[in-house]
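Here the structure is laid out as structure tokens; the discussion comes afterwards.
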Amino acid sequence: MTFNFWLAQILGLIALIFVCISYNTNNKKHFLFYQILANIFYASSFLSLNVIVGGINTIISIIRVTCLYFIEKKNNDYPKYLYFIFAISYLTLGILFFESYLDILAIISYEIFNLAMFCKNINKVRYLMILPNVMIVIYNILNQTFTNAILDLVEIAVLCCSIYKFRKYKIDKYINLI
């Protein structure tokens, strides 16, 4: 196994830590901040393995999440045109750098990630993140980046736990009001 392989695994692990932190915050601004950090490490992980479509899409994600972070910081609504700019970017660059049919999974999953990020409600974001994460696990397995697939499975587990945690918190809060 090469240096780049191990480097990618370390970068992916660091990204996973930031993603797990992001899912366990109930503030969209904090969520976006940790997503910026995670995407920087995910992009580095993909690019160190020469997984170009995944790397480029993650770089676009860094730009998108950074834009949303600054919009959220000002408590403004997300402009609809911004969603379409990123949706077209994922699709166009995915097609331009298309290497194999596996890249279709990456393109579709990043389109769903894009949709999720433009939701203001953090709970909806969590729900919308499940499907594209499952797709990325499949993408990683088929690209034989097994450690990244394991990390993404852990991400899905943390995501599901955070959904349960915040749902239980709401139910407990409601019960206490009665």
query = Could you give the distance from CD1 (Ile122) to OG1 (Thr25), rounded to the nearest 0.5 Å?
reply = 7.0 Å
query = Within a reach of under 6.0 Å around OH of Tyr34, are more than 12 heavy atoms found that belong to other residues, nucleotides or ligands?
reply = no
message = Please say yes or no: joined through hydrophobic side-chain contacts below 4.5 Å, possibly via intermediate residues, are Ile150 and Ile17 part of one cluster?
response = no
query = If we ignore angles and hydrogens, is there a donor and acceptor under 3.5 Å between the side chains of Ser61 and Tyr90?
reply = yes
message = I'd like to know whether Val65 forms a side-chain contact (heavy atoms from CB on, under 4.5 Å) with Leu68, so could you lay out the CA-CA distance, the side-chain angles of the two residues, the decisive distance to 0.1 Å, and finally the verdict.
response = CA-CA 5 Å; Val65 177; Leu68 294 177; 5.5 Å; no
inquiry  = Ring-plane angle category for Phe98 and Tyr101, please: parallel below 30°, perpendicular beyond 60°, tilted otherwise.
reply    = perpendicular
task = Would you check if the side chain of Ser109 reaches a backbone N or O of Ala106 as a donor-acceptor pair within less than 3.5 Å?
result = yes
task = Evaluate the side-chain proximity of Val125 to Asn121: yes if any heavy-atom separation is below 4.5 Å, no if none is.
result = no
Thr92 side chain near Ile95 side chain, heavy-atom distance below 4.5 Å = no
request  = Check for a donor-acceptor pair, side chain of Asn114 on one end and backbone N or O of Tyr110 on the other, with a separation under 3.5 Å.
outcome  = no
request  = Specify the closest pair of heavy atoms between Cys119 and Leu128, including all atoms of both residues, with the distance to one decimal.
outcome  = SG-CD1, 3.5 Å
ask   = CD1 of Ile52 to CZ of Phe97: how many Å apart, nearest 0.5 Å?
value = 8.0 Å
task = Could you tell me whether the side chain of Ile14 reaches within less than 4.5 Å of the side chain of Leu37, counting heavy atoms only?
result = no
ask   = Could you walk me through whether Lys120 and Asp77 pass the side-chain contact (heavy atoms from CB on, under 4.5 Å) check?
value = CA-CA 8 Å; Lys120 285 289 244 179; Asp77 288 333; 4.1 Å; yes
task = State the CZ-OH distance between Arg64 and Tyr78, to the nearest 0.5 angstrom.
result = 10.5 Å
query = Does Asp103 reach the main-chain N or O of Ser100 with its side chain, forming a donor-acceptor pair under 3.5 Å?
reply = yes
request  = Heavy atoms only: give me the nearest Ile59-Ala43 pair and the separation to one decimal.
outcome  = CG1-CB, 4.0 Å
task = Measure from the side-chain N and O atoms of Glu111 to the backbone N and O of Ile107, and report whether any donor-acceptor pair falls under 3.5 Å.
result = no
inquiry  = If we ignore hydrogens and angles and just use 3.5 Å, is the side chain of Ser48 paired with the main-chain N or O of Ser45 as donor and acceptor?
reply    = yes
request  = Inspect the surroundings of CZ in Phe5 and state if more than 12 heavy atoms from other residues, nucleotides or ligands are less than 6.0 Å away.
outcome  = yes
message = Using modelled atom types and a 3.5 Å cut-off, is there a donor and acceptor pairing between side-chain atoms of Arg126 and backbone atoms of Tyr23?
response = yes
inquiry  = Any side-chain to backbone donor/acceptor pair from Lys28 onto Met117? Under 3.5 Å, distance only.
reply    = yes
query = Taking all atoms of both residues into account, what is the closest heavy-atom pair of Leu142 and Leu102, and its distance?
reply = CD1-CD2, 3.3 Å
ask   = Which heavy atom in Ala15 sits nearest to a heavy atom in Ala38, and how many Å separate them?
value = CB-O, 3.4 Å
Evaluation steps, side-chain hydrogen bond (donor to acceptor under 3.5 Å, both in side chains), between Tyr139 and Asp152 = CA-CA 10 Å; Tyr139 179 72; Asp152 289 328; over 6 Å; no
message = Is there a side-chain contact between Val19 and Val158 in this structure, where contact means two heavy atoms from C-beta onward sitting under 4.5 Å apart?
response = no
task = Step by step, work out the side-chain contact (heavy atoms from CB on, under 4.5 Å) result for Tyr42 and Leu16.
result = CA-CA 8 Å; Tyr42 273 133; Leu16 175 66; 4.2 Å; yes
inquiry  = For the CG atom of Asn76 and the CZ atom of Phe70, what is their distance to the nearest 0.5 Å?
reply    = 13.0 Å
task = Determine, step by step, whether Ile136 and Phe113 satisfy the side-chain contact (heavy atoms from CB on, under 4.5 Å) criterion, reporting the C-alpha distance in whole Å, the side-chain angles of both residues, the deciding distance to 0.1 Å, and the verdict.
result = CA-CA 11 Å; Ile136 290 296; Phe113 281 135; 3.9 Å; yes
ask   = Are any of the side-chain heavy atoms of Ile63 and Phe86 separated by less than 4.5 Å?
value = yes
key: Path from Ile112 to Ile88 over hydrophobic side-chain contacts below 4.5 Å   = no
key: Test item: Asn24 side-chain N/O and Cys20 main-chain N/O as donor-acceptor pair under 3.5 Å   = yes
query = Hey, what do you get for SG (Cys67) to CZ (Phe118), rounding to the nearest 0.5 Å?
reply = 8.0 Å
ask   = What distance do Leu82 atom CG and Ile71 atom CD1 have between them, rounded to the nearest 0.5 Å?
value = 5.0 Å
